[in-house]
Amino acid sequence: MTLDLSKFAAEKGIKYFMISYTDLFGGQRAKLVPAEAIADMQKGGAGFAGFATWFDLTPAHPDLFAVPDASSVIQLPWKRDVAWVAADCVMEDQPVEQAPRVVLKKLIAEAASEGLRVKTGVEPEFFLISPDGAKISDEYDTAEKPCYDQQAVMRRYDVIAEICDYMLELGWKPYQNDHEDANGQFEMNWEYDDALQTADKHSFFKFMVKSVAEKHGLRATFMPKPFKGLTGNGCHAHISVWDLDGKINAFADKAMPFGLSAKGKTFLGGIMKHASALAAVTNPTVNSYKRINAPRTISGATWAPNTVTWTGNNRTHMVRVPGPGRFELRLPDGAVNPYLLQAIIIAAGLSGVRSKADPGPHHDIDMYREGHKVTDAPKLPLNLLDALREYEKDAELQQALGVEFSKAYLKLKQGEWNSYCSQFTAWEHQTTLDV
Ligand code: ADP
Ligand code: MG
Ligand code: MG
Ligand code: MG
Ligand code: MG
């Protein structure tokens, strides 16, 4: 039974619905619709000019309609007059093929047709900074190793506890909050869920963190590497695959090394095989490549990978198997599009399951110190252009995410790279003036 948003508004005292969709660059776009008008919008959607957002559409295209998925609705805990609802994009009664939530739903259906149900948890790290974006908001937060800093996390208690209280209220089962490895950086963890639910929560979490930070006169950023020399914002994804009832974890097998089943290993094999290409989605900005492949940070480690390797409970590799029945992909960063993150994991994983891919040997070494000893594993792309070229070469992944999506994504991201290349930097002047 579909939830009637109009009734929901009457019950909860909601005055406005925020009908929200996510474009290809991960931007969340919304219209505020009064509750009086939601009944019609629930059927037909809210109209948008697609060209005005990142979709690779033209000004001549017909209206794009964002049709709310009522099951995703959330009354904003910090502004109870308003409810957020994730929407699916439709044009002339057809799904917009390149819309990230549409792409993800297609891949979830494909996984289901193979009897697989993907459940994931994400760890979106963020910094609390000054409103102008120039510096860390807490001037006392200067330790060389600030991870788990008790004093520093308490100086931000009002912000962190407010967000965590909201997650408790929403039933997300949050279980821990900490100061992370960079000055000004935090992480909040809640329980894993089905891929679509995790993507919706991940989107909403970013919106919530930014909103609550602004309420407290601060600013939150998920930028992959906002400050030179400090650890960047990762967005690790923990992945497991279940039967369609969600009862039996198909990745769990205590008899296997690290407790990862044969099926889990083939899924992982797909991730390993497509890693360089999927970086175009998991690490989608120019800045992303200053987090991975980075030199050692002030704290002593970047905590980000540089090579396509996997291992057991060891945080120096691209994939870590922290315990039985799941693995952690440590590649994605804070700029990742929440829907495309889940979609590309499923696409690569399914490819692995279907081809019975072998993830190759696990390397149980400290990759930061001994990485040079690994000669049989590819290095991750060094910049966005290399990643886009890898994606361009990966016909299987392009097909899995959809031809329309892949074409639009490559075009828009190549445009972003070209825009970056047209910049003249102070560094160029410094190093090239006297040639
Ligand atoms: P770490 O920092 O050690 O990588 P966290 O506790 O910060 O781990 O985050 C772990 C994430 O993995 C959480 O979102 C958690 O719910 C999720 N998770 C735990 N078990 C599973 C599982 N079986 N499948 C998918 N995600 C899981
Ligand atoms: Mg108008
Ligand atoms: Mg964590
Ligand atoms: Mg972390
Ligand atoms: Mg992690």
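We count ligands from 1, going down the list as the structure has it; atoms in each ligand are counted the same way.
Relative to the six-membered ring of Tyr339, Lys105 misses at least one condition, a distance below 6.0 Å or an angle of at most 45° to the axis.
Against a heavy-atom cut-off of under 4.0 Å, Glu187 is close to the following atoms of ligand 1: 7 (O). Interface atoms of ligand 1 facing Gly121, defined by a heavy-atom separation under 4.0 Å, are 14 (O), 26 (N). Atoms of ligand 1 found under 4.0 Å from any heavy atom of Glu328 (numbered from 1 in listed order, with element): 4 (O). Listed by number with element, the atoms of ligand 1 under 4.0 Å from a non-hydrogen atom of Gln176 are 5 (P), 6 (O), 7 (O).
Annotation: Trp84 is in aromatic contact with Phe204 [ring centroid separation under 6.0 Å].
Contacts between Lys119 and ligand 1 below 4.0 angstrom, taking non-hydrogen atoms only, involve the backbone exclusively. Counting heavy atoms closer than 4.0 Å to ligand 1, residue Tyr175 contributes side-chain atoms (C-beta onward) but none from N, CA, C or O.
Among the backbone and side-chain atoms of Glu180, an N, O or S atom lies under 2.8 Å from the Mg ion (ligand 4).
Between the Mg ion (ligand 4) and the N, O or S atoms of Glu125, the shortest distance is to OE2.
In summary, the side chains of Thr231 and Trp303 do not present any donor paired with an acceptor at a separation below 3.5 Å, with no hydrogens or angles considered.
Among Arg315, Lys201, His236, Glu123, the residue whose heavy atom sits closest to atom 3 (O) of ligand 1 is Arg315.
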